[in-house]
Protein chains: 2
Amino acid sequence: MKTLRRPKIRDQVANQIQQYIVSEKLGPGDRLPTESKLAETFGISRMSLREATKALEFLGIVESKAGVGLTVRCIDMERLTEHLSFHAGLLEADPQQLIDSRVILETGVLPHVVQRMKKDPAIEAGLREIVRQFESARDLKTFIAIDIQFHRSLLEASGLQPLVAFGDLLHVFFQRFRESVKKAGWKEGVESHRRLIDHLAAGNLDKATAELRKHIESHKERS
Amino acid sequence: MKTLRRPKIRDQVANQIQQYIVSEKLGPGDRLPTESKLAETFGISRMSLREATKALEFLGIVESKAGVGLTVRCIDMERLTEHLSFHAGLLEADPQQLIDSRVILETGVLPHVVQRMKKDPAIEAGLREIVRQFESARDLKTFIAIDIQFHRSLLEASGLQPLVAFGDLLHVFFQRFRESVKKAGWKEGVESHRRLIDHLAAGNLDKATAELRKHIESHKERS
DNA sequence: GATGATCTTATTGTAAGATAATCCAATCAC
DNA sequence: GTGATTGGATTATCTTACAATAAGATCATC
């Protein structure tokens with residue numbers, strides 16, 4: 001039997017504030033009542049209310065400026081991944097699951113990428129430009145950064161925003177064992193990316209999928 | 001030109017605390033110094049420090065209990081989706097993108113599902129049980145709840161934890177226009193789920209994929 | 001009258017201290 | 001030994017106060 005803790009005031013208040021935002025149909029930029037007013041409304045001290053609002057501010061739900069007050073804010077995906085990345089070090093994730101997830105995600109968007117490539121030549125140009133940057137990479141850190149950018153661009157090329165966000169999250173967890181890439185793998189990695197684009201440009205979906213799958217799964221042996 | 005705000009103490013402190021956790025190699029369950037100690041260390045008042053710790057607690061990074069102190073906590077995916085769901089109302093997402101993303105995610109895991117189904121008969125039994133519940137659904141709300149559970153179980157059956165989380169996030173955004181499901185679609189929906197399981201159990205990947213794709217894309221017309 | 005500096009006011013930011021609630025462990029009674 | 005009690009440590013919450021900031025009002029000057 002677990003000792004059920006008394007629900008903390010600030011959590012209740014934080015929820016109440018969120019409900020207030022919804023019920024009043026407030027959107028980004030709209031103002032909330034002052035801290036004093038809110039505290040009085042909820043029947044708590046201003047300090048306790050602040051702990052709730054500060055938490056919401058940290059989550060990117062509201063913004064507070066001295067002399068102005070509280071305003072509703074739009075969500076900030078960057079902020080989210082930023083905090084998630086902190087957990088990456090603590091969290092344990094099965095490398096095989098991460099690899100499989102990436103394969104599904106990235107090979108899944110390829111049909112969309114091929115389709116959009118036909119309409120917009122800038123997509124292919126952008127990807128090829130990144131591959132060129134690979135060749136000038138001098139150290140591992142740069143190489144990894146470019147690799148991440150390439151795969152992100154690939155997802156972006158699909159035009160599916162949600163999957164881009166998911167890709168970012170996966171990369172955060174990937175980071176840890178990504179650094180095990182050997183220098184020997186560099187050249188092959190660059191070539192692999194180039195072949196992938198060639199297949200995509202030619203509309204050869206099957207070959208592109210196989211190439212990408214092989215590339216991602218090559219992380220397995222290195223870990 | 002943007003007015004550059006003075007960096008707020010609590011944000012700096014929140015980062016300092018995170019750095020402290022990392023530098024001391026603290027893991028879930030480990031304890032942090034007391035509020036007073038930390039405040040003294042950082043040279044700020046206890047109140048400011050609290051605003052930082054409370055924010056971190058809200059994010060699920062630390063936990064504070066009266067009489068115990070601050071302890072490092074593991075990330076809480078539920079908490080995360082909970083807060084994201086709040087933003088769903090404010091955020092606008094392209095329905096077509098959501099549908100395409102779901103198709104990629106759910107059809108992508110099917111090969112894994114088929115493979116795991118062969119080894120563990122409990123998986124098929126679990127999915128069929130959910131389909132049975134569909135038939136006893138009396139109102140739209142229940143129907144939707146079961147539908148969500150079915151698709152979640154499908155992702156879970158793949159054994160790929162990250163994708164389960166991503167599926168949850170997508171469903172949050174889906175909610176809005178999911179309620180447009182017509183009663184006429186019920187029966188067809190139940191049948192579609194049943195056929196999907198049949199194809200999976202038979203190891204017929206192509207048919208299963210086609211069935212699932214059709215099912216998800218049927219949301220398009222209803223929106 | 002227009003313009004820029006200054007003052008006022010409202011609001012959040014930070015601080016220090018006090019009291020209550022909670023938990024853990026050591027102590028004590030049996 | 002075992003269970004209840006107590007004490008110390010720690011957070012939870014409140015109170016009060018003052019500093020910092022920003023927006024608008026006022027006023028002097030040209």
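Chain letters run A, B, ... following the sequence lines, proteins first and then strands; every chain starts at 1.
- No hydrogens or angles were tested; on distance alone, nothing pairs the side chain of R46(B) with the base of dG17(C) as donor and acceptor under 3.5 Å.
- Listed by first and then second residue, the salt bridge (Lys or Arg N to Asp or Glu O under 4.0 Å) pairs involving residues 113-126 of chain B are E124(B)-R128(B) (not counting sequence neighbours).
- Among residues two or more places apart in sequence or in another chain, the side chain to side chain contact (heavy atoms under 4.5 Å, CB included) test is passed with T41(B) by none.
- If you measure from atom NZ of K54(B) to atom P of dT10(D), you get 15 Å, rounded to the nearest angstrom.
- Distance from the side chain of T34(A) is smallest to dT11(C) among dA12(D), dC14(D), dT11(C).
- At whole-Å resolution of the value, CZ in R31(B) and C1' in dT10(D) are 8 Å apart.
- Summary of the strand contacts: S48(A) and E35(B) both lie near DNA chain D, and taking for each the nucleotide with the nearest heavy atom, the more 5' one is attributed to E35(B).
- Spacing between atom NZ of K65(B) and atom C1' of dT10(D) amounts to 13 Å, rounded to whole angstrom units.
- Protein atom CD of E40(A) is 14 Å distant from nucleotide atom P of dC14(D), rounded to whole Å.
- For Q16(A), the side chain to side chain contact (heavy atoms under 4.5 Å, CB included) criterion is met by V13(A), F42(A), not counting sequence neighbours.
- Within the nucleic acid shown, K37(B) has no heavy atom closer than 4.0 Å to any nucleic acid atom.
- Looking at E57(A) and K54(A), a side-chain N of the basic residue comes within less than 4.0 Å of a carboxylate O on the acidic one, giving a salt bridge.
- Side-chain nitrogen and oxygen atoms of S64(A) include none within less than 4.0 Å of the OP1 or OP2 phosphate oxygen of dT11(C).
- To the nearest angstrom, P of dT13(D) lies 12 Å from CG of L49(A).
- Contact check on E40(B) versus K37(B) returns no salt bridge, with no Lys/Arg side-chain nitrogen under 4.0 Å from an Asp/Glu carboxylate oxygen.
- The side chain to side chain contact (heavy atoms under 4.5 Å, CB included) test applied to Q115(B) returns no partner, not counting sequence neighbours.
- Atoms CD (E63(A)) and C1' (dT11(C)) sit 14 Å apart, rounded to a whole Å.
- Judged by closest nucleotide on DNA chain D, M47(A) is the one of M47(A) and V68(A) placed further toward the 5' end.
- Taking five base pairs at each end of the helix from dG1(C)-dC30(D) to dC30(C)-dG1(D) and finding the rotation axis that steps the C1' atoms of four pairs onto the next four gives two axes whose angle is 10°, to the nearest 10°.
- In this entry the distance linking CG of L56(B) with P of dT11(D) reads 14 Å, nearest Å.
- With sequence neighbours left out, F134(A) forms a ring pair (Phe, Tyr, Trp, His ring centres under 6.0 Å) with F143(A), H193(A).
- When distances are taken from the side chain of L70(A) to each of dA12(D), dT12(C), dT13(D), the shortest belongs to dT12(C).
- Rounded to a whole Å, the CZ atom of R50(A) is 10 Å from the C1' atom of dT11(C).
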